Structure formats: C-alpha cells, structure tokens
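Owing to the predicted nature of the structure, the values given are computational and were not obtained by experimental measurement. Numbers for residues simply follow the sequence, beginning at 1.
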Amino acid sequence: MLGKKPTLKEGTYVFSTIQNGEYKDFVVAAVTGMEGRQIGINGIRVNMVGLKNKVEQGKTGQRSVEILTNPTPDNIILGLVYRIEHDNYTAILDLDRDRCDIIPPKVYTTIDGWVRESLSELLNKVLSLPPGEEQDEAKRILRHRRDTLLDKNLRRTVYSVCRSLKILT
C-alpha cells in the first residue's frame, strides 16, 4: 500500500480549473462516474473575486496574478484569504482536454471546509476593517470559529494562515 500511486476511480477527489474571463476559477470535486476518457464530477466551483479585485486595483504582486491564471491545490489558499463566491458544481470532464489532478482526501476536506465554513468572509472582514472595536469583534468571531472547527487539518490550516497574516495572537 505504501508508495502506491492513487488512481482515478469513483470516489477519488480531484482538482480542476475553468476559464472565467481573463482568469480561472477552480473546482474541487469527487469523481461520480467514469466512461472511457470522460469522468463525472460533483463538488464546488470557487471564484476568487476578492483576489481579482485586489489585482485590478494594483494592490498585489505577480504571485497573485499567477494564482488567478494558474490555480493549483498548493497555491489557492492565498486566494481564499479574500472574498470568494462559490456554487455547487456538477460536470463531465474530458481527460484529454480538461485539467484533472488527483488530490488527497485531506486536501479536499480542508478546501471544502474552508469554503463551506465561510472562512474567507471572516478573514476578509478582519483584514478590511480599521483597527478598533469592530476589528476586535471580527477577530473574536474568527478565533471562535477556528477553535470550534471539528476537522483538525482545517483548524491547523486556519491557524497557520492567521498566524502568517499576523491577525490573531
């Protein structure tokens, strides 16, 4: 079992991208079926609108543009710090044409949990408010949400992001 490369089959988690204007949205999903070189997926599609706004305002660097033009499971966490829009997503991917990267279940649950728990909204609120009572309340809410997360990997990721942004002590 050790060293065995994961294979694409029903129940496998995948990461894909979809062109959305100048930039790309990303999808994390579970494979629901396979037929030849086509696979059915069911998951969530995420549009990193907050990061797009920051890029358009000229408030970010080249790394942010890279995240928007070529999102990967490794770099999207930086795009999830700002406001996002998400929808449930079901589609059929053509493996000859569409991107389809297998991701570990822990990565899937971390990304899915981040989106479904609205952590981007909470982080963005803390970052956008001026120092003061409102920002302190937003930090308190974020800290409480972080501390009550059931998934330990998600809780660890939120802690790491908050620590690197220096928004929670």
Side-chain angles (χ1 to χ4, degrees), residues 8 11-33 38-129 135 138-139 141-142 145-146 149-151 153-162 164-165 167-168:
L8 201 54
T12 302
Y13 295 108
V14 295
F15 178 90
S16 187
T17 58
I18 300 167
Q19 196 67 39
N20 183 0
E22 185 180 348
Y23 301 115
K24 293 181 181 176
D25 293 349
F26 71 87
V27 173
V28 289
V31 175
T32 56
Q38 295 188 337
I39 63 167
I41 61 168
N42 187 18
I44 54 173
R45 176 180 180 163
V46 178
N47 181 358
M48 298 177 280
V49 292
L51 187 59
K52 289 177 183 178
N53 290 338
K54 294 288 184 189
V55 168
E56 289 172 8
Q57 295 168 2
K59 294 182 177 180
T60 60
Q62 185 59 34
R63 178 81 170 131
S64 297
V65 174
E66 180 184 329
I67 292 167
L68 292 172
T69 56
N70 187 29
T72 67
D74 298 326
N75 71 10
I76 59 165
I77 198 72
L78 299 173
L80 295 177
V81 170
Y82 301 106
R83 191 173 68 83
I84 61 169
E85 293 175 352
H86 66 92
D87 290 311
N88 291 332
Y89 187 76
T90 302
I92 296 175
L93 298 180
D94 183 340
L95 295 176
D96 295 324
R97 188 182 41 151
D98 299 317
R99 177 181 183 161
C100 184
D101 299 335
I102 296 174
I103 57 174
K106 285 182 180 181
V107 172
Y108 173 82
T109 55
T110 298
I111 295 169
D112 183 68
W114 188 286
V115 171
R116 297 201 190 273
E117 293 286 339
S118 302
L119 295 171
S120 296
E121 182 181 318
L122 295 173
L123 278 165
N124 190 46
K125 191 168 188 175
V126 170
L127 293 170
S128 63
L129 289 171
Q135 187 186 52
K139 285 181 179 182
I141 292 168
L142 177 60
R145 177 68 63 92
R146 179 197 67 198
L149 291 171
L150 297 177
D151 185 281
N153 292 312
L154 178 57
R155 189 170 46 245
R156 189 177 310 133
T157 302
V158 173
Y159 176 79
S160 297
V161 170
C162 290
S164 68
L165 291 172
I167 59 174
L168 294 180

For Asn153, all residues meeting side-chain contact (heavy atoms from CB on, under 4.5 Å), sequence neighbours excluded: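 Result, side-chain contact (heavy atoms from CB on, under 4.5 Å) vs Asn153: Lys106, Thr110, Asp151, Arg156.
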Those residues that, when tested against Asp87, pass side-chain contact (heavy atoms from CB on, under 4.5 Å) (two or more places apart):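 Listed in chain order: nothing, the list is empty.
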Does any N or O in the side chain of [X] come within less than 3.5 Å of the main-chain N or O of [Y], such that one atom is a donor and the other an acceptor?
| X | Y | result |
| --- | --- | --- |
| Gln19 | Lys24 | no |
| Thr109 | Pro105 | yes |
| Glu85 | Asn47 | no |
| Arg155 | Leu149 | yes |

How many angstroms lie between [atom1] in [X] and [atom2] in [Y], if you round to the nearest 0.5 Å?
| X | Y | atom1 | atom2 | value |
| --- | --- | --- | --- | --- |
| Leu78 | Leu51 | CG | CG | 8.5 Å |
| Asp94 | Gln38 | CG | CD | 5.5 Å |
| Thr32 | Ile41 | OG1 | CD1 | 8.0 Å |
| Ser16 | Leu93 | OG | CG | 4.5 Å |
| Arg45 | His86 | CZ | NE2 | 13.5 Å |
| Leu80 | Leu123 | CG | CG | 9.5 Å |

Please tabulate, for side-chain N and O atoms in residues 54-63, each donor-acceptor pair with protein atoms closer than 3.5 Å (sequence neighbours left out).
from: Gln57; atom 1: OE1; to: Lys59; atom 2: NZ; distance (Å): 3.3
from: Arg63; atom 1: NH1; to: Glu66; atom 2: OE2; distance (Å): 3.3

Verdict with reasoning, Asn53 to Arg83, per side chain to side chain contact (heavy atoms under 4.5 Å, CB included): CA-CA 9 Å; Asn53 290 338; Arg83 191 173 68 83; 4.1 Å; yes
List the atom of [X], the atom of [Y], and the distance in Å for their closest heavy-atom pair.
| X | Y | value |
| --- | --- | --- |
| Phe15 | Thr17 | CE2-CG2, 3.9 Å |
| Val31 | Leu8 | CG2-CD1, 3.9 Å |
| Tyr108 | Ala29 | CE1-N, 3.8 Å |
| Lys139 | Ile167 | CE-O, 3.2 Å |
| Met48 | Gly79 | SD-CA, 3.6 Å |
| Trp114 | Leu154 | N-CD1, 3.8 Å |

Stepwise side chain to side chain contact (heavy atoms under 4.5 Å, CB included) test for Ile111 and Phe26: CA-CA 11 Å; Ile111 295 169; Phe26 71 87; 3.9 Å; yes
Heavy-atom side-chain proximity of Glu117 to Leu150 below 4.5 angstrom: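 Side chain of Glu117 against side chain of Leu150, heavy atoms only: no contact under 4.5 Å found.
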Other residues, nucleotides, ligands: >12 heavy atoms within 6.0 Å of Ile92 CD1: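 Count not over threshold, so no.
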Steps toward side chain to side chain contact (heavy atoms under 4.5 Å, CB included) verdict (Ile44, Arg116): CA-CA 9 Å; Ile44 54 173; Arg116 297 201 190 273; 2.9 Å; yes
